[in-house]
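In this chain, numbering begins with 1 at the start of the sequence shown.
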Amino acid sequence: MAKQPQSAISPTRAENFPEWYQQVVRAADLAENSDVRGCMVIKPWGFAIWENIQRRLDAMFKATGHENAYFPLFIPMSFLEKEAEHVEGFAKECAVVTHHRLEPDGKGGLRPAPSAQLEEPLIVRPTSETIIGATFARWVQSYRDLPILINQWANVVRWELRTRLFLRTAEFLWQEGHTVHATEAEAREETMRMLDVYADFAERAMAMPVIKGEKTAGERFPGAVSTYSIEAMMQDRKALQAGTSHFLGQNFARAQNIKFQDENGQEVLAWTTSWGVSTRLIGGLIMTHADDDGLVLPPKLAPAHVVILPIYRNDDERAQVMPYCAKLEQDLVAQTYAGEPIRVRIDNRDIRGGEKKWQWVKRGVPVRVEIGPRDVASGKVFYGRRDSSGKFESPRAEFVAHIGKTLDEIQTVLFGRAVEKRALATVRIDSLPEFETFFASKDEEKSEGGGLAYCHFVESPEMEEKLKDLRVTVRCVPLGGEEETGKCIFTGQPSKRRGVFAKAY
């Protein structure tokens with residue numbers, strides 16, 4: 001009987017995908033559960049990935065005219081109450097502050113001081129439309145003040161019952177854009193512009209293919225007129241909502257009294273938008289690219305592009321190897337990739353070479369270089385690529401000169417693999433029995449079955465009941481497709497659109 005290949009992560013994706021995901025997060029040293037239930041500690045390697053996401057996105061936001069600002073963490077409950085649909089959508093997820101001081105409880109512990117109860121409870125922001133809207137109402141007086149294009153990098157709290165590191169936590173990091181416009185057309189244009197920014201970032205930086213589409217009424221952001229999203233498929237064939245952009249119409253402007261004098265001197269309501277992505281993107285990155293040896297990072301977001309591993313057995317060999325490694329680092333840093341200097345680390349820790357190598361494999365560094373006395377003598381570089389199990393040897397000067405090309409190849413390979421996996425799991429379905437078979441209950445722990453199904457539909461109670469039974473959701477109605485006459489697979493009613501259906505995170 002053939003010996004099973006060994007992998008660094010146990011269980012493998014095929015054996016137990018949810019547990020594999022948790023083990024990759026642990027092995028890559030990205031994050032850990034905190035002492036507060038449902039919250040996480042993001043460790044330096046994980047936070048460095050978030051910083052790279054943040055830096056690239058921030059540049060894209062500013063290139064489209066947006067500025068960063070910061071708004072309060074706390075929101076008066078009355079602000080949420082002004083937009084009924086909004087408060088209803090978030091009410092069950094809100095953390096509420098009711099007191100501003102603690103006092104001894106007489107038993108050696110502490111309690112909220114009864115005399116310190118707040119006159120009005122404060123909500124720890126689940127999102128900031130209402131508090132930012134109240135601020136915009138003060139900022140906007142005339143059409144000359146518009147548009148207002150603001151982004152905020154912040155944290156939010158949504159009291160989730162079931163949590164999973166990066167994918168769903170009670171507190172998470174994100175950015176939220178909020179804009180005000182004089183006309184509906186301008187606000188709609190902004191909504192679509194930011195959706196395009198997200199899609200471009202996901203595909204070009206994350207190497208994660210996405211579908212741009214509009215959410216159905218049942219999946220729409222509470223209080224929005226239209227919600228658009230980018231949807232990605234993970235390796236277990238489940239979908240992940242990776243970013244959203246909302247056209248809010250005049251709903252929040254009406255609730256928050258955001259008015260201005262137009263060019264004719266008439267007082268009119270403004271039009272607003274909001275849009276956001278979060279640390280959930282790191283979860284998407286893991287589930288799109290990681291393998292059974294750990295994390296696999298697209299070079300554009302990797303905290304280090306190259307890690308150099310010196311190999312020596314004694315002080316004499318160390319004296320040869322370390323200067324060579326230092327000079328290699330210096331030469332590599334002088335090169336650029338995607339407009340940035342090559343990021344290099346030398347790992348000279350006093351641990352076994354094999355253990356050291358596997359730590360960096362599990363962390364997903366795109367290129368690992370092992371330098372020993374023979375490499376120094378021959379003027380060569382022995383290296384591995386994280387997108388390949390092969391080993392490579394190259395003259396040192398050639399390796400340095402081509403490092404940008406090598407990283408670009410890795411980025412391209414990762415995107416191509418993800419596109420191929422999605423294509424293999426995407427179908428068009430025109431009957432309910434076929435739909436039921438495609439999404440029939442399978443072992444949720446294994447990455448098999450299911451995928452993305454493009455189906456004709458009309459929103460109805462019948463559809464909602466069937467989707468609930470199968471634990472499937474309609475992800476979006478893809479943008480840009482031509483109208484297509486068909487029949488809803490749930491009701492038989494005429495339909496002119498196909499939606500994307502999937503099990504999802």
Engineer: Is a side-chain donor or acceptor of Trp20 paired with a backbone partner of Asp291 at a separation under 3.5 angstrom?
Structural biologist: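 Present.
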Engineer: I'd like a table of donor-acceptor pairs (distance under 3.5 Å, sequence neighbours excluded) in which one partner is a side-chain atom from residues 199-208, with atom names and distances.
Structural biologist:
unit_1 : atom_1 : unit_2 : atom_2 : d
Asp200 : OD1    : Arg204 : NE     : 2.5
Glu203 : OE2    : Val210 : N      : 3.1

Engineer: Would you call Glu465 and Lys468 a salt bridge, using N to O less than 4.0 angstrom?
Structural biologist: no
Engineer: Applying ring-ring contact (aromatic ring centres under 6.0 Å, His included), which residue pairs with at least one partner in residues 215-245 are found, sequence neighbours left out?
Structural biologist: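 ring-ring contact (aromatic ring centres under 6.0 Å, His included) check on residues 215-245 returns His86-Phe221, Phe90-Phe221, Phe221-His246.
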Engineer: Is the Trp50-Phe172 ring centre distance short of 6.0 angstrom?
Structural biologist: no
Engineer: Partners of Ser274 by side-chain hydrogen bond (donor to acceptor under 3.5 Å, both in side chains), sequence neighbours excluded?
Structural biologist: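 With neighbours one apart ignored, the set is Glu129.
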Engineer: Among all residues two or more places apart in sequence or in another chain, which pass the side-chain hydrogen bond (donor to acceptor under 3.5 Å, both in side chains) test with Asp262?
Structural biologist: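 Asp262: no side-chain hydrogen bond (donor to acceptor under 3.5 Å, both in side chains) contacts found.
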Engineer: Could you walk me through whether Thr227 and Glu219 satisfy the side-chain contact (heavy atoms from CB on, under 4.5 Å) test, starting with their C-alpha distance in whole Å, then the side-chain angles of each, then the deciding distance to 0.1 Å, before giving a yes or no?
Structural biologist: CA-CA 8 Å; Thr227 289; Glu219 297 288 332; over 6 Å; no
Engineer: Can you name the residues that form a side-chain contact (heavy atoms from CB on, under 4.5 Å) with Lys496, not counting sequence neighbours?
Structural biologist: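 Checked Lys496 against side-chain contact (heavy atoms from CB on, under 4.5 Å); matches are Glu483.
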Engineer: Once salt bridge (Lys or Arg N to Asp or Glu O under 4.0 Å) is applied, do any residues pair with Lys215, and if so which ones, sequence neighbours excluded?
Structural biologist: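 Lys215 satisfies salt bridge (Lys or Arg N to Asp or Glu O under 4.0 Å) with Glu231 once adjacent residues are dropped.
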Engineer: Considering only residues two or more places apart or on different chains, which pairs with a residue in residues 292-302 satisfy salt bridge (Lys or Arg N to Asp or Glu O under 4.0 Å)?
Structural biologist: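 Matches after skipping sequence neighbours: Arg13-Asp292.
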Engineer: For Trp139 and Phe71, take the angle between the two ring planes, folded into 0 to 90°, and tell me which bin it lands in: parallel under 30, tilted 30 to 60, perpendicular over 60.
Structural biologist: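 Rings of Trp139 and Phe71: tilted, as their planes differ by 30° to 60°.
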Engineer: Could you tell me which residues satisfy side-chain hydrogen bond (donor to acceptor under 3.5 Å, both in side chains) with Glu184, sequence neighbours excluded, listed by chain and number?
Structural biologist: Arg188
Engineer: Got a list of side-chain donor-acceptor pairs under 3.5 Å for residues 153-166, not counting sequence neighbours?
Structural biologist:
unit_1 : atom_1 : unit_2 : atom_2 : d
Trp153 : NE1    : Asp58  : OD1    : 2.8
Asn155 : OD1    : Arg125 : NH2    : 2.9
Asn155 : ND2    : Glu171 : OE2    : 2.8
Arg158 : NE     : Pro126 : O      : 2.8
Arg158 : NH2    : Pro126 : O      : 3.0
Glu160 : OE2    : Arg168 : NH1    : 3.4

Engineer: Quick one: salt bridge (Lys or Arg N to Asp or Glu O under 4.0 Å) partners of Arg55, sequence neighbours excluded?
Structural biologist: Glu340
Engineer: List the residues meeting side-chain hydrogen bond (donor to acceptor under 3.5 Å, both in side chains) with Lys212, not counting sequence neighbours, and say none if there are none.
Structural biologist: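 For Lys212 the side-chain hydrogen bond (donor to acceptor under 3.5 Å, both in side chains) partners, ignoring immediate neighbours, are Asp196.
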Engineer: List the atom pairs, donor and acceptor, that lie under 3.5 Å between side-chain atoms in residues 107-118 and the rest of the protein, sequence neighbours left out.
Structural biologist:
unit_1 : atom_1 : unit_2 : atom_2 : d
Arg111 : NE     : Glu103 : OE2    : 2.8
Arg111 : NH2    : Glu103 : OE2    : 2.6
Ser115 : OG     : Arg101 : NH2    : 2.8

